[in-house]
Number of protein chains: 2
Amino acid sequence: MNRRRRSATSIDVARAAGVSQSTVSRALRGDPSVSAATRERVEEAAASLGYVPMESGRNLSTRATKRVGIVAPDLTNQFYPELIEPMRRALDRGGFRTILIPATDQDEQGLRSLANGSVDGVIFMNALLGDQLPNLVAARGVPTVLVNRELDQTSLDTSVVDNYGGAQLVADLIVSLGHERIAAILGPSSTSTSRDREAGFRMQLADHGIPLPSELMFRGSFSHETGSQGIDALLALRKPPTAIFCLNDVVAIGALSALHRHGYTPGKDVTVVGFDDISMASWDVFSLTTVRCGLVTLAKSAVELLIKRIADPSREHTRVVTAPELVLRSSHGPHHR
Amino acid sequence: MNRRRRSATSIDVARAAGVSQSTVSRALRGDPSVSAATRERVEEAAASLGYVPMESGRNLSTRATKRVGIVAPDLTNQFYPELIEPMRRALDRGGFRTILIPATDQDEQGLRSLANGSVDGVIFMNALLGDQLPNLVAARGVPTVLVNRELDQTSLDTSVVDNYGGAQLVADLIVSLGHERIAAILGPSSTSTSRDREAGFRMQLADHGIPLPSELMFRGSFSHETGSQGIDALLALRKPPTAIFCLNDVVAIGALSALHRHGYTPGKDVTVVGFDDISMASWDVFSLTTVRCGLVTLAKSAVELLIKRIADPSREHTRVVTAPELVLRSSHGPHHR
DNA sequence: TTGTAAGCGTTATCAC
DNA sequence: GTGATAACGCTTACAA
C-alpha cells in the first residue's frame, strides 16, 4: 500500500508535542482557537520532524485542491505563454497552482481528467466553436471559464477582447492609408477569434466599399508558418495586395519574416497589421502595427471570474469584454500609386 | 466539511451494479481478477451515473499523484517554453500531468509545496548555482532532476548539453572567420549555463591567442533586453567588436534586433552567434547562426531520468550530457579589414 | 482551549 | 472471482 519512505504525519507531530492530532492540524493552519503556547510547541515539534502536511489528505477532506487546470495547446506558439504567464501569476496570487492540461483530451477523456476532483476549476484558452468539453465539465459542477475564445452554445464565464471591433479598427486604418487591394491571412474558421476578426474586418471594408475577394484571403492555422506561406501565396498573385491584415501577431510576424526574405520592406512596400500585441510585436526588427488586446487584463479577468465562481458556484455567469486599441508602429504605410 | 455538490462515488456505483465497492474499484481499473460479466455491469452502472474516480482518494491511498512539478520561471522568455513543451509531452506520454511551480519559492516555502506529496517528482529547469532547494527536495525523498542547469554540490540526476564544448565551437568558428576583436554578451554568473559557456568561449579564444577583455564583455540577464542593451553598449565603444557571441538565442535575437535598429546587417557588418537553437533562430528575419542544444532531446532525457527514478528511487544518479552542434545560418561572416 | 471521533473516496489485504 | 475491512492523512463537528 505504501511505497515511498514514509514521512512524518500530523500524528507524529502530535505525539512529539504532547497534544492531539487535531490540535496539530488546527495549530498549523493558524486556527485562532489554539493557545499561543500550544501553537509554539506544535510548530517546534513540526519543524524538528520536518513535517509538511500532506496535500492528498487535505484534498480528500476539504474536497478542494487549490489547483486550477489550464487547457492549453502548444506552448511553443508565442501567443499562448503571453496569456498563460499572467494567468499563472494571478492564480498564484489567489493561492492556486496551475496545472497544464493538453488540449487534445476531448469529451470522455477530458472529463475523466477534469471532473475527477483534481482541480478546483478549469480555464479553456483555445476552445473550438463546436467543443462540448467546456460545457460538459461545467455541467459536472466544475467551475469553468473561457478566455480568448468563445463558444456559441454556452453561458460560461468568459473573458475576451472585442475581436470584431478590433478588426474594424484595422480596416479603418488600412483604408485611411489609401489601400484598395487588401488581403487577409486568416485562421481556422472553427475558432471564435478568427471568425469574429474576419467578420469585423470584412464588414468594415465593405462599409468603405472595398471587397475582400477570396483570392486575397489565405487561410491557415495560428502559426508563424501560416504567415510565411500566406505571403508566398499572396506575392505570387499577378497583382499582389498592398496591405495585409493578419489574424494575429504570430501570423503577422511570420508574414514579416517572409516579406524580409522576399526583399520587401514592411511599412514601405507593403502594409502589415497584426492583432494581439504580444511582446515580440514591439521588437525593433518587427515594430509591428497591431491591435492591443491587453492580454494581461484578459488573463487577470479570466482568473478573477474563475476565483469568484469557485467561491460562489451559483453566481450569475459573466462575459467580460475588453476594448481593443490600435497600436501604431512601423509596419504600416500609405499606399503609393 | 463538504462544499460542492456531491458527485457519484464508487459506493453509488457498487449499489447500482449490485456488487461491493471494492469490486467497482477493481473492475474500473481493469484488474484481471474481475469476471467479464461483472466488469460489464460495473462499467454500465458507472457510465449511467457519470462516475469518475476521484483523484484525491486514490492519491491518498496510493501515495502517488501522477503529477510532476516543473519549477519554471517566466514563460514569456521564449527559451523556456521550448524546453517545457517537450517535457510536458513526454510527461503526458508517461501518464503524468505537469504542474507549474513558480521559481520564486525558495527553501521553506518551496519545500512546503514540493515535499507535501502533491507531486511524484520535480524538474528544476533554472536552478542557480547556490540553490539549496533541489537538494532539500531530493533529501525529502522526492524524485528530482535538473535540466539545462547544473548544481555544483549535488549528485542529482541531470540532463544538460555540453555548454563548455558548445562555446568552444563558437570560438573556433569566429576565429576561423578572421575576427580578432571579439565580444561576448553574457548572463548571470550564478548559473552553470552562463559560467560554462563563458569559460569554454574564453578558453578557446585564449587557445587561439585572442583575449576577451572586460570592455568587450557585457553581462545581463537571459533576456531580449540584455541583447539589445549589450549591442548599444558595444557599439558605443571607440572600437566596436566585429563579432559577438551571445550567451543564448534569446539574447542573440535581442542583439540582432538592436543591430537592425542601428542599421547594421548581421552576417555582413558584424557577426552574431547564439546558443540553443530555439525555433525562432531559424526564422527568415533572424537566420541566426547558433549552437544546437537539442532541446527536445534534453527535455526527453530529463523526463526519462525522472520517470526512472520515480520507478526506482534508489537507482544510481545519472548525468546525461548531450553533444552540441554548430548550426551555420546567416548571422556570421568573414572579418573585413 | 483541547480532545475524541467521524468522515472524505480510494486502494489493497485478507478471507471466503 | 468477490466481499469485508483496514488503511491512507487530513479537516471538522461535537464534547468536554
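Only heavy atoms go into these numbers, but all of them, side chains included; no hydrogens, no water, no symmetry mates.
In the region residues 15-27 of chain A, proximity to DNA chain D at under 4.0 angstrom, judged on heavy atoms, holds for A:Gln21, A:Ser22, A:Ser25, A:Arg26. Remark: B:Ser33, B:Val34, B:Ser35, B:Thr38 in residues 31-49 of chain B come within less than 4.0 Å of DNA chain D through at least one heavy atom.
The side chain of A:Tyr51 sits closest to D:dC10 out of C:dT10, D:dG9, D:dC10.
Counting to the nearest Å, the C1' atom of C:dC8 and the CE atom of B:Met54 are 7 Å from each other. We find that CG of B:Leu60 is positioned 8 Å from C1' of D:dC10, with the value rounded to whole Å. Rounded to whole Å, the distance from CZ on A:Arg29 to C1' on C:dT1 is 15 Å. Residue A:Ile11 contributes atom CD1, which lies 12 Å from atom P of C:dT4 at whole-angstrom precision. Going from atom NZ of A:Lys66 over to atom P of D:dC10 covers 19 Å, rounded to whole Å. Between B:Leu28 atom CG and D:dT2 atom P there is a gap of 14 Å when expressed in whole angstrom units. Nucleotide D:dT11 holds its P atom 10 Å from the CG atom of A:Asn59, rounded to whole Å.
Checked against side-chain hydrogen bond (donor to acceptor under 3.5 Å, both in side chains), B:Asn59 has the following partners two or more places apart in sequence or in another chain: B:Arg67. Remark: B:Arg319 pairs with B:Glu150 by the side-chain hydrogen bond (donor to acceptor under 3.5 Å, both in side chains) rule, at least two apart or across chains. Contacts of B:Ser192 classified as side-chain hydrogen bond (donor to acceptor under 3.5 Å, both in side chains), with partners at least two apart in sequence or in another chain: none.
Put simply, the side chain of B:Arg309 gets close to the backbone of B:Glu316: a donor and an acceptor are under 3.5 Å apart. A:Thr62 contributes a side-chain N or O that, together with a main-chain N or O of A:Arg58, makes up a donor-acceptor pair within less than 3.5 Å. Judged purely by atom type and a 3.5 angstrom limit, B:Asn135 uses its side chain to pair as donor or acceptor with the backbone of B:Gln153.
With 3.5 Å as the limit, one finds a donor-acceptor pair spanning the side chains of B:Ser301 and B:Ser159.
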Identify all side-chain donor-acceptor contacts of residues 71-79 of chain B below 3.5 Å with residues at least two apart in sequence or on another chain.
from	atom 1	to	atom 2	distance (Å)
B:Asp74	OD1	B:Thr76	N	2.8
B:Asp74	OD1	B:Thr76	OG1	3.3
B:Asn77	OD1	B:Phe79	N	2.9
B:Asn77	ND2	B:Phe222	O	2.9
B:Gln78	NE2	B:Thr76	O	3.4

